Amino acid sequence: MPVKMLCSEVYLEIKKYDIDNETSCLKTILCYLEHDCNATHTAQALFLHRNTVQNVVHFAKERWGLELSDAETKRQLVLSGQADKYLEFSKAAAGRIQ
């Protein structure tokens, strides 16, 4: 199975939104999940204000219907993030080989 197929549809939608709007919603959401949905720890890790993190989480819930406290949603987004990171690394490595 191609690694790209491991990326969930909503992950790809958020990634496209970030590219189109020059935002970092995906980075914030993934960091928020990495910090067990703790806005304060996420804000510290990203050097943001806690309210900014909460606003992004609220925006994600409203725009994409994400319930970030749901275990399945967390799994899908984290797995998608890991697959996407692997693809980016593979592309970079392939560029260095040539």
Side-chain angles (χ1 to χ4, degrees):
M1 172 187 332
V3 176
K4 183 78 169 172
M5 292 180 67
L6 294 175
C7 291
S8 72
E9 188 175 315
V10 71
Y11 178 91
L12 296 174
E13 286 177 26
I14 299 169
K15 186 174 181 176
K16 182 179 180 338
Y17 178 88
D18 278 350
I19 292 167
D20 292 347
N21 296 284
E22 298 181 6
T23 58
S24 58
C25 293
L26 191 57
K27 178 181 177 180
T28 304
I29 291 167
L30 292 175
C31 188
Y32 181 73
L33 294 176
E34 182 181 313
H35 287 91
D36 297 321
C37 299
N38 183 305
T40 302
H41 293 159
T42 303
Q44 290 170 346
L46 296 175
F47 302 101
L48 297 172
H49 193 279
R50 183 177 182 272
N51 290 347
T52 303
V53 173
Q54 290 176 322
N55 289 341
V56 171
V57 169
H58 180 73
F59 177 73
K61 185 175 183 177
E62 294 293 316
R63 171 106 184 190
W64 296 288
L66 287 180
E67 190 56 59
L68 297 176
S69 60
D70 176 62
E72 184 59 30
T73 301
K74 288 180 186 180
R75 269 192 296 276
Q76 286 179 354
L77 290 172
V78 169
L79 177 61
S80 296
Q82 291 171 340
D84 196 29
K85 202 179 285 186
Y86 173 79
L87 287 171
E88 288 177 17
F89 176 77
S90 296
K91 287 178 189 174
R96 281 182 269 159
I97 293 172
Q98 296 174 345

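One-based numbering along the sequence shown. Owing to the predicted nature of the structure, the values given are computational and were not obtained by experimental measurement.
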Thinking salt bridges, do Glu72 and Arg75 make one under a 4.0 Å N-O criterion? yes

Minimum heavy-atom distance [X]-[Y], with the two atoms named:
X	Y	answer
His35	Ala45	CE1-CB, 3.6 Å
Ala60	Ile29	CB-CD1, 3.7 Å
Ser80	Ser8	OG-N, 2.7 Å
Asp18	Cys25	OD1-N, 2.9 Å
Asn51	His49	N-ND1, 3.0 Å
Ala39	Tyr32	N-CE1, 3.8 Å

Can you tell me how far apart [atom1] ([X]) and [atom2] ([Y]) are? Round to the nearest 0.5 Å.
X	Y	atom1	atom2	result
Gln44	Asn38	CD	CG	8.0 Å
Ile14	Phe59	CD1	CZ	9.5 Å
Gln82	Cys7	CD	SG	10.5 Å
Arg50	Asn55	CZ	CG	11.0 Å

Side chain proximity check, Leu77 to Leu66, heavy atoms < 4.5 angstrom: yes

Is there a side-chain contact between Trp64 and Thr73 (heavy atoms, below 4.5 Å)? no

Of the options Leu26, Leu48, Val53, Leu46, which is the one that meets Cys31 in a side chain to side chain contact (heavy atoms under 4.5 Å, CB included)? Leu46

Within a reach of under 6.0 Å around NZ of Lys27, are more than 12 heavy atoms found that belong to other residues, nucleotides or ligands? no

Would a distance-only check, ignoring hydrogens and angles, find a side-chain to backbone donor-acceptor pair under 3.5 Å from Asn21 to Tyr17? yes

